[in-house]
Undergrad: 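Have a look at this one.
Letters A, B, ... are given to chains in the order of the sequence lines, protein chains preceding strands, and every chain is numbered from 1. What you see is a predicted model; the values in this text were computed from it and never measured.
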Number of protein chains: 2
Amino acid sequence: MAPRKPSARVTIRTVAADAGVSVAAVSKVLRNAYGVSEALRAKVQASITRLGYRPHAAARGMRGQSYTLGVILPDLTNPFFADIMAGIDAALERTEYQPLLGVGQSSPAVELELVDAMLDRQMDGLILLGPRITIDRIAAIAERAPTVVMAHHPVGPTRFDTVNDDDQLGARLIVQHLAGMGYRSIVYFSQDLQFNESQVTYHRELGYRAAMTEAGLGRYISVVMAEQAPREVRTMVRQLLQGRPRPEAIFCWTDFIAFEVLSVARELGLSVPDDVAIVGYDNTRYCDLAQNALTSIDQSGQLLGLQAARLLVERIKGREEAEHLVITPRLVVRASTVRKNAVLTGN
Amino acid sequence: MAPRKPSARVTIRTVAADAGVSVAAVSKVLRNAYGVSEALRAKVQASITRLGYRPHAAARGMRGQSYTLGVILPDLTNPFFADIMAGIDAALERTEYQPLLGVGQSSPAVELELVDAMLDRQMDGLILLGPRITIDRIAAIAERAPTVVMAHHPVGPTRFDTVNDDDQLGARLIVQHLAGMGYRSIVYFSQDLQFNESQVTYHRELGYRAAMTEAGLGRYISVVMAEQAPREVRTMVRQLLQGRPRPEAIFCWTDFIAFEVLSVARELGLSVPDDVAIVGYDNTRYCDLAQNALTSIDQSGQLLGLQAARLLVERIKGREEAEHLVITPRLVVRASTVRKNAVLTGN
DNA sequence: TCCGTCGTGTAGAACGATTTACGTAAAACG
DNA sequence: CGTTTTACGTAAATCGTTCTACACGACGGA
């Protein structure tokens with residue numbers, strides 16, 4: 001009659017006793033480590049399922065891995081992230097790894113705090129999605145844990161992996177499409193960020209500038225920036241659309257912003273695309289809605305997420321050299337850039 | 001010359017040695033437990049900041065709390081959840097608790113797996129947002145950890161807290177508004193779910209039915225259901241809008257669906273609200289866009305999230321009795337239900 | 001026959017916190 | 001003044017794993 005709690009937790013020790021083997025043997029089976037016979041493995045597996053044993057992740061984290069991956073998103077409002085998460089989930093479906101999300105609120109301070117919080121919790125690896133922090137901070141994080149960065153272009157060689165679409169190409173595709181449709185004064189509407197050089201917005205700007213020059217529209221190059229907040233965006237867009245001369249087309253760095261631009265255009269009584277053409281980026285599901293019908297760049301968030309998760313697991317398992325994946329974007333044309341009477345105003 | 005790793009981790013022991021006190025004393029300061037003098041606290045705090053010590057969450061989780069709260073969302077596409085998360089983040093800002101998200105993919109199996117994964121990781125409490133699992137499963141979860149359920153109405157007394165808006169009232173507000181504008185055949189467009197009785201969709205249906213009857217429109221009552229997937233929604237809506245007689249108004253259980261309905265209506269060449277009025281629920285940020293201009297019900301996701309987090313922390317700290325918070329929804333009228341020439345077709 | 005080596009399994013020391021049980025000195029009490 | 005209480009600290013056990021070091025028998029080559 002030892003004074004034991006009746007509903008004690010099923011631990012690795014319980015399993016070991018039940019299977020008639022040592023604790024270490026059970027641990028080996030769990031991690032499918034080297035040095036267990038098939039007979040022993042079967043015995044232990046049987047006990048595990050019979051007892052309904054689940055490994056205590058916190059205890060695991062003390063010595064080995066926690067089998068938890070941290071994903072940091074800038075915010076939850078951009079539906080593009082849903083696609084990426086779907087990809088990550090799909091990639092980890094059959095593995096032991098569990099992704100958990102943190103929201104960085106588009107703030108460097110919050111992001112850094114979140115990284116620390118995740119590392120305190122012994123996460124085995126991190127996926128940073130469009131981080132707002134500087135490249136050397138990311139490098140420091142990568143020293144502490146396996147890291148994959150998405151939607152963020154490093155400037156030099158790095159010790160972490162990256163997954164991106166070719167943002168310069170995406171921007172070029174847009175400019176080429178618009179130029180082909182006869183639009184000349186094309187504005188690039190970007191985001192006001194602190195550490196610009198590695199952000200996707202900047203790379204899209206590079207592509208925009210290059211393509212404009214190539215198309216002989218160099219003198220129309222114009223980049224406008226605004227804060228992310230809807231109010232800032234709207235006032236900026238209103239200025240833009242009420243200015244003289246009015247731009248013929250606006251290329252927004254992400255769909256989310258383009259929807260705001262569509263809204264302001266409509267409020268001002270402007271017709272899209274006859275008075276002004278509008279393009280987004282990311283090809284989120286809202287682009288397809290008839291009231292938006294937004295031409296956009298598809299970069300397959302699902303694929304991006306899948307690859308990022310794959311790279312991270314590889315790296316956790318020991319890969320040392322950095323990999324930098326770039327996927328090719330694709331233009332999806334919708335009504336927001338195609339004039340009803342498609343006359344090319346070719347002069 | 002003990003053979004120590006040079007860059008060893010700063011542990012509670014390091015801090016204790018540095019401050020010249022015992023390990024337990026430091027632990028007490030960390031948890032601000034009873035029985036530490038102000039002098040000792042100050043000494044320890046100084047050491048902590050000097051050494052840059054951060055508690056190892058996995059180790060904490062072994063015996064005490066992990067200071068981690070799990071939040072489970074059905075998906076990442078509904079922008080309403082962003083508001084809720086903002087509220088949760090705000091409430092936990094100044095506390096030690098760190099919220100981490102999991103995505104349930106609107107699937108009971110995935111949700112249950114996620115709950116287990118979170119409990120394996122010793123999370124101190126769970127917030128379930130619009131769970132798709134049965135009420136008794138939720139009850140079982142609540143036995144294992146403090147739990148707060150949002151957007152889900154329990155049928156009887158429970159051992160977990162809930163936070164909801166008054167969904168019946170919200171639906172009533174919509175019907176009253178539409179009836180007041182002269183619409184008579186108002187369809188409720190709901191979601192096809194397995195365990196209906198406790199879902200918000202069902203409560204909105206109850207409100208809809210009651211209000212229709214009260215408004216003398218009982219014979220127009222009509223509830224249509226579809227799967228969540230865009231394709232299913234669109235075909236169902238197309239059927240609805242091409243049927244004879246065409247409904248005069250469609251009340252969608254959430255904004256997200258209403259946007260699809262707006263899209264289909266436009267594709268069919270129907271004018272909103274002259275040919276058909278459309279209403280949503282949640283008042284997500286996209287409602288405000290001119291191309292949507294969607295009348296909706298505001299239930300302040302931010303406030304809901306804030307309260308949920310507050311309740312959860314309270315419960316972790318020891319509260320036993322369940323609390324059920326209900327906040328009052330508010331109708332936000334936009335162009336999707338207001339005819340340009342507002343003639344009441346009063347017969 | 002002797003001596004590695006290999007394959008399998010075990011005992012026990014970590015990991016870094018919390019928590020229990022217990023000292024010890026100072027303050028309060030009769 | 002002796003005793004109890006209170007306040008503050010401490011040592012050591014504990015949580016559930018992983019991992020290192022080693023034991024043991026079988027096998028194979030010299």
Side-chain angles (χ1 to χ4, degrees), chain A residues 2-5 7-44 47-48 51-68 96 119-124 316, chain B residues 2-5 7-44 47-48 51-68 96 119-124 316:
Chain A
R4 290 266 169 77
K5 280 276 181 64
S7 70
R9 190 190 170 95
V10 177
T11 77
I12 198 173
R13 229 169 295 273
T14 325
V15 175
D18 182 89
V21 297
S22 75
V23 170
V26 179
S27 175
K28 278 190 184 178
V29 171
L30 287 173
R31 295 171 291 124
N32 43 58
Y34 173 81
V36 282
S37 65
E38 207 42 60
L40 185 124
R41 164 178 302 281
K43 219 171 25 174
V44 170
S47 289
I48 286 177
L51 298 173
Y53 164 77
R54 291 184 64 95
H56 188 299
R60 289 185 132 180
M62 295 267 328
R63 298 225 37 161
Q65 307 184 34
S66 65
Y67 298 95
T68 313
E96 283 197 288
L119 293 181
D120 289 344
R121 284 159 182 80
Q122 293 298 103
M123 299 213 172
D124 297 335
I316 289 171
Chain B
R4 290 267 170 73
K5 282 274 181 66
S7 70
R9 189 188 170 98
V10 177
T11 79
I12 198 173
R13 230 168 294 274
T14 326
V15 175
D18 182 90
V21 297
S22 76
V23 170
V26 178
S27 175
K28 280 190 181 176
V29 171
L30 286 174
R31 295 170 291 126
N32 44 59
Y34 172 83
V36 283
S37 65
E38 207 41 62
L40 184 117
R41 165 177 301 283
K43 218 170 24 172
V44 171
S47 289
I48 286 177
L51 299 172
Y53 165 76
R54 292 184 66 95
H56 188 299
R60 289 184 131 179
M62 295 271 324
R63 294 218 46 152
Q65 307 183 34
S66 66
Y67 297 96
T68 312
E96 284 196 286
L119 293 181
D120 288 344
R121 284 161 182 78
Q122 292 296 104
M123 297 211 173
D124 297 334
I316 289 171

Undergrad: Heavy-atom distance under 4.5 Å between the side chains of B:R9 and B:H56, does that happen here?
TA: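 Yes, side chains in contact.
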
Undergrad: Students often get this wrong, so: under 4.0 angstrom with heavy atoms, is B:Y53 touching a base, only sugar-phosphate, or nothing?
TA: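 Touches sugar-phosphate only.
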
Undergrad: Can you figure out which of D:dT10, C:dT8, D:dC19 approaches the side chain of A:S37 most closely?
TA: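 It is C:dT8.
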
Undergrad: For the pair made of CG in B:L40 and C1' in D:dA7, what is the distance, rounded to whole Å?
TA: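 So the CG-C1' distance, B:L40 to D:dA7, works out to 12 Å.
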
Undergrad: Closest approach to the side chain of B:Y34, judged atom by atom: which nucleotide of C:dA17, D:dG16, D:dA7 is it?
TA: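 Selected nucleotide (nearest to the side chain): D:dA7.
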
Undergrad: To the nearest angstrom, how far is B:K43 atom NZ from D:dC8 atom C1'?
TA: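 Going from NZ in B:K43 over to C1' in D:dC8 covers 11 Å.
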
Undergrad: In whole Å, I'd like the distance from the OH atom of B:Y67 to the P atom of C:dT18.
TA: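 One finds 6 Å between P of C:dT18 and OH of B:Y67, rounded.
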
Undergrad: Send over the distance from B:Q65 CD to C:dT19 P, rounded to a whole Å.
TA: 8 Å

Undergrad: Answer with yes or no whether the side chains of B:R121 and A:T68 bring together a donor and an acceptor at under 3.5 Å.
TA: yes

Undergrad: Both A:T11 and A:K28 contact DNA chain D. Which one's nearest nucleotide lies toward the 5' end?
TA: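 Looking at DNA chain D, the more 5' nearest nucleotide goes with A:T11.
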
Undergrad: With heavy atoms under 4.0 Å as the rule, sort A:S27 into base, sugar-phosphate or nothing.
TA: base

Undergrad: Which distance, rounded to the nearest 0.5 Å, do you find between the CZ of A:R13 and the OH of A:Y53?
TA: 10.5 Å

Undergrad: Can you check whether B:R54 reaches A:L119 side chain to side chain, under 4.5 Å on heavy atoms?
TA: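 With C-beta onward as the side chain, the pair stays apart.
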
Undergrad: Whole angstroms only, please: what is the CD-C1' distance between A:Q122 and C:dA17?
TA: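 Value for this atom pair: 12 Å.
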
Undergrad: What nucleotide, of C:dG16, D:dT18, D:dT10, holds the atom closest to the side chain of A:L30?
TA: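 Side chain of A:L30 sits closest to D:dT18.
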
Undergrad: Would you indicate whether the side-chain heavy atoms of B:L30 and B:R60 approach each other to under 4.5 Å?
TA: yes

Undergrad: How many Å lie between CD1 on A:I12 and P on C:dA11, as a whole number?
TA: 14 Å

Undergrad: Do A:R63 side-chain and C:dA14 base share a donor-acceptor contact under 3.5 Å?
TA: yes

Undergrad: If each of B:A59 and B:E38 is mapped to the nucleotide of DNA chain D with the nearest heavy atom, which maps nearer the 5' terminus, i.e. the 5' end?
TA: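 Result: B:E38.
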
Undergrad: Rounding to a whole Å, what distance do you find between B:R13:CZ and D:dT10:C1'?
TA: 13 Å

Undergrad: Closest to the A:A24 side chain: D:dT17, C:dT10, D:dG9?
TA: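 Of all the options, the side chain of A:A24 is nearest to C:dT10.
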
Undergrad: If you only use heavy atoms from C-beta on, which nucleotide in D:dT18, C:dT18, D:dG9 is closest to the side chain of B:R60?
TA: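 Of the options given, the side chain of B:R60 lies nearest C:dT18.
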
